[in-house]
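Note that the structure is predicted; figures quoted are calculated from it, not measured. Order of appearance sets the numbers: ligands from 1, and atoms from 1 within every ligand.
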Amino acid sequence: MSEAKKLHVALFPWLAFGHIIPFFELSTPLINLVSLPLPTVEHLPRNAEATTDIPSHKTPYLKLAFDGLQGPLLQFLQTSTPDWIIYDFAPYWLPSILANLGISGVFYSMYGAWTLSFFGSSSSAMINGEDPRTGPEDFTVPPEWIPFPSKIAFRLHEAKQAFRNHFEVNDSGFSDVFRLGSVMGGCDVIAIRNCNELESNFSRLVGELHSKPVLPTGLLPPADFDGSRDQDDVWLTIKECLDKQNKGSVVYIAFGSESELSQPELHELALGLELSGLPFFWALRKRDNSVKLPDGFEERVKGRGIVWTSWVPQLRIMGHESVGGFLTHCGYASIIEALYFELPLIMLPISLDQGLIARIFGEKKVGIEVTKDEDGSFRREWVAESLRFVMVEKEGKPYRDGAKEMKKLIADKDVHDRYVDHFIEFMQNHRVA
Ligand SMILES: *[C@@H]1O[C@H](CO)[C@@H](O)[C@H](O)[C@H]1NC(C)=O
Ligand SMILES: *[C@@H]1O[C@H](CO)[C@@H](O)[C@H](O)[C@H]1NC(C)=O
């Protein structure tokens with residue numbers, strides 16, 4: 001028997017860091033970057049290459065430009081003939097190209113299995129408009145096709161926002177749900193950043209809803225790094241500030257590179273931090289100067305609170321012993337990172353499926369959600385209460401313990417490596433020719 005032919009896999013992530021990074025992590029170092037030129041699109045700033053370069057209302061134009069990669073990608077696939085291509089939710093046009101070329105496709109979901117389950121089956125609910133749920137209210141209860149006990153549902157304000165942004169046809173020509181439904185309907189395998197130890201009921205349901213194999217890739221926990229060797233100036237400055245605080249006392253706040261707080265949200269959040277009396281480190285990415293902190297805020301919290309407006313080494317901050325909790329917008333990737341460092345969560349979901357993620361991790365008792373009004377707004381008192389509950393109060397201890405417990409699973413490298421190995425083995429055994 002001849003030696004097994006090397007497996008050749010192409011990866012095609014959506015242009016957002018929360019997607020690109022896990023795709024990179026899955027690829028191991030065996031990677032070859034191929035550049036496909038992004039076409040110019042009206043309304044899209046010339047240098048924009050990822051969602052982080054643009055305000056969120058311009059995202060549909062980035063999707064439009066992304067759709068323009070169809071020709072160059074086809075050319076690449078024809079000449080390079082990979083065994084498999086692993087792709088993201090956006091290229092609704094890719095499955096039919098792959099069918100013609102005889103290349104197998106994996107849809108690699110950056111959404112959790114709970115979110116995919118919540119959206120329903122690709123053929124009826126997502127693409128043909130046959131979802132029995134027709135208005136935002138219908139999304140505030142768990143869908144009828146979930147056969148096990150679950151509280152997964154949007155709050156009304158989240159459902160309204162999701163309807164506006166993801167269900168309705170956008171300037172990119174297609175709704176996100178249509179894109180997602182198309183790639184799920186057309187792929188051979190659905191891969192999810194998940195492991196059965198975290199949850200398996202939703203993963204199994206995704207397989208049933210779509211009649212496809214579902215492969216968890218493990219959680220892809222952050223790679224170990226040697227902090228002692230790091231001499232980067234930014235980190236040294238931050239470390240000096242954190243070193244001055246007591247162990248486990250500092251709240252780390254970050255809303256990801258893509259989420260945007262409105263001015264009233266930013267205002268209440270800042271005043272809530274101030275009211276909590278807790279030390280904090282706030283990584284506040286400001287892509288423009290349209291949002292402002294309350295007058296005199298930084299002066300008043302001097303010595304205990306820091307607002308950092310440029311890039312930060314997030315993993316190093318989370319790993320610092322002074323940091324004891326994470327106030328988050330509930331991006332799935334940053335939650336995995338925080339729990340890897342056993343930080344309990346104070347959850348303030350902003351958009352997309354973050355509300356669903358907050359429900360799931362709330363049920364797992366590794367954090368709590370900041371109370372919100374029916375319209376989605378929140379008050380400084382509620383922010384301060386949640387922060388103190390999770391960080392210092394006696395009643396919050398189960399959540400601090402819950403995060404410690406979850407760390408054991410997320411940091412178990414063997415568990416997660418096994419999923420990746422199994423995933424690769426599957427691709428080896430199921431390639432065409
Ligand atoms: C399209 O979606 C974006 C979010 O991705 C939203 O901000 C925008 O208002 C939507 N545009 C239209 C025309 O619906
Ligand atoms: C998974 O589903 C089964 C029933 O199908 C249920 O008994 C079990 O409690 C569920 N597990 C979780 C963690 O919800």
Quick test of your reading of the model: are K58 and D53 salt-bridged, counting only N-O distances below 4.0 Å?
no

Compute the centroid of each ring, for Y332 and then for W114, and state whether the two points are separated by less than 6.0 Å.
yes

More than 12 foreign heavy atoms under 6.0 Å from CZ of F24: is that the case here?
no

Are K372 and E158 ion-paired here, with the side-chain N under 4.0 Å from a carboxylate O?
no

Which pairs of nitrogen or oxygen atoms, taken one from ligand 2 and one from the protein, are under 3.5 angstrom apart?
unit_1, atom_1, unit_2, atom_2, d
ligand 2, 2 (O), N201, OD1, 3.3
ligand 2, 2 (O), N201, ND2, 2.3
ligand 2, 11 (N), N201, ND2, 2.9

Answer yes or no: does atom CD of E49 have more than 12 heavy-atom neighbours from other residues, nucleotides or ligands under 6.0 Å?
no

Pair R418 + D412: basic N to acidic O under 4.0 Å
no

